[in-house]
Structure formats: C-alpha cells, structure tokens
Amino acid sequence: MKNKIIMFWVIVAIVIASIITICKIPTKLGLDLVGGSRIILEAQTTKSITKITPDTMNRLQTAIEKRVNKLGVSETTVAQVGDKRLLIEIPGVMDSKKAEQILGKTAQLEFKQPVLDKNGVQQRDPKTHQPLWESAGLTGEDLKDANIGTNQAGQWTVSLDFNGKGAQTFGELTEKLVGKPMAIYFDGEEISAPVINEPIYGGKAEISGGGDSGFTPEEAKNMVDLLKAGALPVPSKIIQENTVGPTLGAVSIEKSKTASFIGIGLVMLFMLLIYRLPGLIADIALAIYGIILFALFKAFGVVLTLAGIAGFVLSIGMAVDANILIFERTKEELRAGRNLFTAINSGFDRAWSSIIDSNMTTMITCVILYFLGSTVVKGFALTLFIGIIVSLFTAITVTRNFMHLIFGTGELKYPELFGLKKEEIGTASVFEETKREKARFGILD
C-alpha cells in the first residue's frame, strides 16, 4: 500500500507540472487555425544546372527555411512536394507580397570589373551603349556577415564582412582597380558602381544604393536578410499563392472545441453509465490524460492544426478503449468468483497483451504516416502517436493506482459499483489464489 501512495503523489506531481506547463507556454497553432499565407515554389533549371536533383532541392529548402525565419514569424513550414516544388506555410502573415519578395529572389550578389580595351578604357555595349562588365570572381558566397548601416551623408547602406578567402580576393581586386569603377550586382541588377580610390584591405566593404537617395530602410533590411540567408542554388518561381483568412481559422477553432467537448463528454458519460465507479475512475484518468497530453504538445512545440486536433480527439477514444478491456476482464474475474483484489490485478495483467498489441499496430501506422505523409497528415500522425503513449500510462498506471487505493484488498460488497448484479458474482472459494496474489504484490495480511 505504501508504494501505491507514493505512486499517487507522483501522479499528482506530474499533473501539477503539466498544468504549470500549459499556463506558461503559449499554444502553437497552424495555418488552418490562425490564418496566413500558403505559397508553392518551383525550382527552375538554368544553363549551368539542367536538372533538378534531390541534393539541389535539399539546398533550396535549407535556403528558403533561413529566409522564412528572417520574416520573424513562428511555426512556419517548408516541405518538399514532388520532385521540384516546395510548400511554404506562414501562419499569421496575411500580406503575402512581402513573403513573395523575400522568397522569390535568387539573392545572387556578384562583384564585377570593367571590360577594358588595350588603352585601359572601359568598353561599351554597341547595342545599349552601356558599360561592359565581367565577373571578378567575388560573390555572396564569400561573405561572412552583412549588416545595415549608414554613411556620412545619412544614407542607408549595407555593410559587408568577407570571409578569409573573400577578404583576400576583395583586397587584390580593389588594388588592381584603383582609379577605376567596380560594379556590384544583386540578382542581375546593378546596385552601384563606385570608383575605387585606394585598395581596401581587411575584408570589409559598404554598399550604398544607386542614385542620390540610396537604399530605403526596407530595401537595406531585405538585402541584409537575403545575404545572411544565402543565395538560392537555383532560381525559383512562385506558381501558386493563396491566403487563409483569420475568420475561417477562428470558426475552425470554435468548432473544434465544441466537437472535442461533445466527444469527450459522451465518452465520459458512457464510461460512467456502463462501468459505474470504475468508469468514474477512468473518467478522472481521462482528464489527467488530457492535461498531460496538452502539456506535452506545448513542451515539444507541437503545432496544432485541425488534423492534429482530430488525432488528439481520436486518441481519447483509444485511451478509453484500454480501460474497457481492463474493466471487462475484471468483471469476468468477478463473475468467476475471484476476490476483488485478484479480479482487479487479473483484469489489468490479462488485458495488457491485447492493449499493447492493438496500440503497437496503430503506432507503427503513425510512424509510417509521419515520414511518408504530407504536412497535414504529419500533424495528425504526431498527435495521435503521442496520445497513444500517454494513454498507455494513464490507462495502466493511473487507473490501476486509483483502483487499488479506492478498493484496497477488500471484498466486493456492492457489485452494483461495477455494473454487476449480486447473482452474477461467483461463489467459488479462491483463498489460495488470493493469498498468492497478495504475496506477489508484497501485501501482508
């Protein structure tokens, strides 16, 4: 009995810790509940990259994830769809134009040197009459960091910090181009073409926007964010964009709450009517299950979507299913004339194999759905899997502990508490069996 009292207080401690977690950590909701933007990007081939490979898509996904994180929005999702597409979900961002501007840019930073004739004069394109430039071998891949700054005129600038190789290349380039211009291109567009007055060593440079006004604060910030996130390995094109309104999300939340309360309420009422006092214990264990599970969702950062809520509600039914198997087995033992203590232990022990087998097959299915399914299916599989794990704990540990504490080792004086009639209770003497059971659990008469 001492061990069971200790376990009871352990359960109480777990419940208190779960309640504190629920109160302290905010709930993370998915796009379908809070609204936001959903964008599909498609990788594009180039002259140098004629085929989109899995490695290319992995690098593209990594770069896009970095960019999305720069938007300052939590719970974003970037997932591969098919061979060359990415699905991007950004909860809470209703104006998708900003996201499109960030996500769609290739972010190729390139420094170019003038094409000179024999006399050292920069040549011009005969068609456009624009100065001709050629690659200087210095790109955004040679950057270590980028930051927003201002120059002496108060204009917004982008400060560049090159890595070791980039610093050396930049120093040699500026040394060679003293008295000549050097063009800075971003995504194929000329940003500026300053004249190099002296060699620049140390690996630091500054970009000011073209024209007298220079960069706007937003332009400078966007460029810094893109440079820090890194250039895309291949160009990408937005082929689909849609917005989920917050009103639809709010309606979904309310309907989900209503459905959850109705479902849980009916399950608890069923257990109470069919199994009486054990059913009440199962309902208490079910409430504990919900508290622990919701706390785990918050602690692990699970993003709740409509599919995730469905998995949560479904796992509640599966949690009760374990109790039903246990209680039915306990009633069979009581009908066979077993002592109450023996019947309870037998109910749990003999139903365990069926419970673990049925739940194991479901967990295997959840794992398959999580690794092979789409984003929506992943949410359902994850919440259902965690729910099953917690349900096994509450059905076996919590319910069993409460049953022993309430009924102890005494005889069943009121069969109605188990939903049985007195004439259904067996009369066989099982003194020896009861004695062995008590000895197995360390209970002394």
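Since the model is a prediction, treat every value here as computed from it, not as a measurement.
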| task | Only counting residues at least two apart or in another chain, list the ones meeting salt bridge (Lys or Arg N to Asp or Glu O under 4.0 Å) with Lys255. | result | none
Atom pairs and distances, donor-acceptor, side-chain atoms in residues 162-171, under 3.5 Å, two or more places apart:
| residue | atom | partner | partner atom | Å |
| --- | --- | --- | --- | --- |
| Asn163 | OD1 | Lys165 | N | 3.4 |
| Asn163 | OD1 | Gly166 | N | 2.7 |
| Asn163 | ND2 | Asp142 | O | 3.4 |
| Lys165 | NZ | Asp142 | OD1 | 3.3 |
| Gln168 | NE2 | Glu172 | OE2 | 3.3 |
| Thr169 | OG1 | Lys165 | O | 3.0 |

| Minimum heavy-atom distance Ala220-Val158, with the two atoms named | O-CG2, 4.0 Å
| request: Kindly give the heavy-atom pair with the smallest separation between Phe348 and Ile396, and that separation in Å. | output: CE2-O, 3.9 Å
| field | Smallest separation among heavy atoms of Ala343 and Leu334, with atom names | value | CB-CD2, 3.6 Å
| task | Please step through side chain to side chain contact (heavy atoms under 4.5 Å, CB included) for the pair Phe8 and Phe402, ending with a clear verdict. | result | CA-CA 8 Å; Phe8 170 78; Phe402 287 2; 3.6 Å; yes
| request: Grab the two heavy atoms, one from Ile386 and one from Leu296, that are nearest each other, plus how far apart they are. | output: CG2-CD1, 4.2 Å
| query | With a 4.5 Å heavy-atom cut-off, do Ile292 and Val390 have their side chains touching? | reply | yes
| Approximate separation, where rounding is to 0.5 Å, of Leu325 CG and Trp352 CH2 | 12.0 Å
| message | Contact between Ile148 and Lys221 at the side-chain level, heavy atoms closer than 4.5 Å - yes or no? | response | yes
| task | Could you tell me which residues satisfy side-chain contact (heavy atoms from CB on, under 4.5 Å) with Ile389, sequence neighbours excluded, listed by chain and number? | result | Met363, Phe385
| query | Which distance, rounded to the nearest 0.5 Å, do you find between the CD of Glu65 and the CG of Leu86? | reply | 8.5 Å
| said: So Ile88 and Ile40, do their side chains get closer than 4.5 Å, heavy atoms only? | reply: no
| task | Classify the side-chain pair Thr21/Ser18 by whether it contains a donor and acceptor separated by less than 3.5 Å. | result | no
| field | Note, Ile207 side chain near Leu109 side chain (heavy atom, < 4.5 Å) | value | yes
| Are any of the side-chain heavy atoms of Ile324 and Met271 separated by less than 4.5 Å? | yes
| note | Nearest heavy-atom approach of Ala381 to Leu369 is CB-CB, 3.8 Å
| task | With sequence neighbours excluded, tell me which residues meet side-chain contact (heavy atoms from CB on, under 4.5 Å) with Thr46. | result | Ser48, Ile49, Pro235
| task | Can you sort out the partners of Lys84 under side-chain hydrogen bond (donor to acceptor under 3.5 Å, both in side chains), two or more places apart, ordered by chain and number? | result | none
| request: Quick one: list whatever passes salt bridge (Lys or Arg N to Asp or Glu O under 4.0 Å) with Asp357, sequence neighbours left out. | output: none
| note | side chain to side chain donor-acceptor pair (under 3.5 Å) pairs touching residues 382-391, sequence neighbours excluded, are none
| field | Backbone of Gln61 reached by a side-chain donor or acceptor of Gln80 within 3.5 Å | value | no
| query | Excluding sequence neighbours, so at least two apart, what forms salt bridge (Lys or Arg N to Asp or Glu O under 4.0 Å) with Glu42? | reply | Arg85
| message | Can you tell me which residue among Val320, Ile284, Leu273, Leu286 is in a side-chain contact (heavy atoms from CB on, under 4.5 Å) with Met268? | response | Leu286
| request: Please lay out, stage by stage, how Glu206 and Leu160 fare under the test side chain to side chain contact (heavy atoms under 4.5 Å, CB included). | output: CA-CA 6 Å; Glu206 186 179 75; Leu160 305 178; over 6 Å; no
| task | Hey, could you give me the CG/CD1 distance between Leu272 and Ile274, rounded to the nearest 0.5 Å? | result | 10.0 Å
| side-chain contact (heavy atoms from CB on, under 4.5 Å) involving Ala285 - partner list, sequence neighbours excluded | Val398, Thr399
| Closest approach of Asn323 and Ala282, non-hydrogen atoms and distance? | ND2-CB, 3.7 Å
| task | Could you tell me whether the side chain of Thr27 reaches within less than 4.5 Å of the side chain of Ile22, counting heavy atoms only? | result | no
| request: Check whether any side-chain N or O of Asn401 sits under 3.5 Å from a backbone N or O of Thr397 as a donor-acceptor pair, and report yes or no. | output: no
| Should Asp349 and Arg400 be marked as a side chain to side chain contact (heavy atoms under 4.5 Å, CB included) after you check the CA-CA gap, both sets of side-chain angles, and the distance that decides it? | CA-CA 10 Å; Asp349 293 343; Arg400 187 170 192 162; 3.2 Å; yes
| Side-chain heavy-atom pair Trp156, Asn151 within 4.5 angstrom cut-off | no
| request: Walk me through it: do Leu87 and Glu89 pass the test side chain to side chain contact (heavy atoms under 4.5 Å, CB included)? | output: CA-CA 7 Å; Leu87 170 64; Glu89 294 183 340; 4.1 Å; yes
| Passes side-chain hydrogen bond (donor to acceptor under 3.5 Å, both in side chains), Glu333 versus Asn345? Steps please. | CA-CA 10 Å; Glu333 296 294 321; Asn345 287 328; over 6 Å; no
| said: Between Asp83 and Lys51, does any NZ, NE, NH1 or NH2 come within less than 4.0 Å of an OD or OE carboxylate oxygen? | reply: no
| query | From Trp9 CH2 over to Ile14 CD1, what is the distance, rounded to the nearest 0.5 angstrom? | reply | 14.0 Å
| Interatomic distance, Leu384 atom CG to Ile388 atom CD1 [nearest 0.5 angstrom] | 4.0 Å
| task | Name all pairs fulfilling the side chain to side chain donor-acceptor pair (under 3.5 Å) condition that reach into residues 275-291, sequence neighbours left out, sorted by first residue then second. | result | Tyr275-Glu328, Tyr289-Ser315
| request: Not counting sequence neighbours, which residues clear salt bridge (Lys or Arg N to Asp or Glu O under 4.0 Å) with Glu332? List them please. | output: Arg329
| message | Asn147: which residues meet the side-chain contact (heavy atoms from CB on, under 4.5 Å) condition with it, sequence neighbours left out? | response | Asp145, Lys228
| said: Counting neighbours of CD on Glu141 that are heavy atoms of other residues, nucleotides or ligands and sit closer than 6.0 Å, is the number greater than 12? | reply: no
| request: Could you tell me the separation between the CD1 atom of Ile25 and the CZ atom of Phe300, rounded to the nearest 0.5 Å? | output: 10.5 Å
| query | Any side-chain heavy atom of Phe327 within less than 4.5 Å of one from Met403? | reply | yes
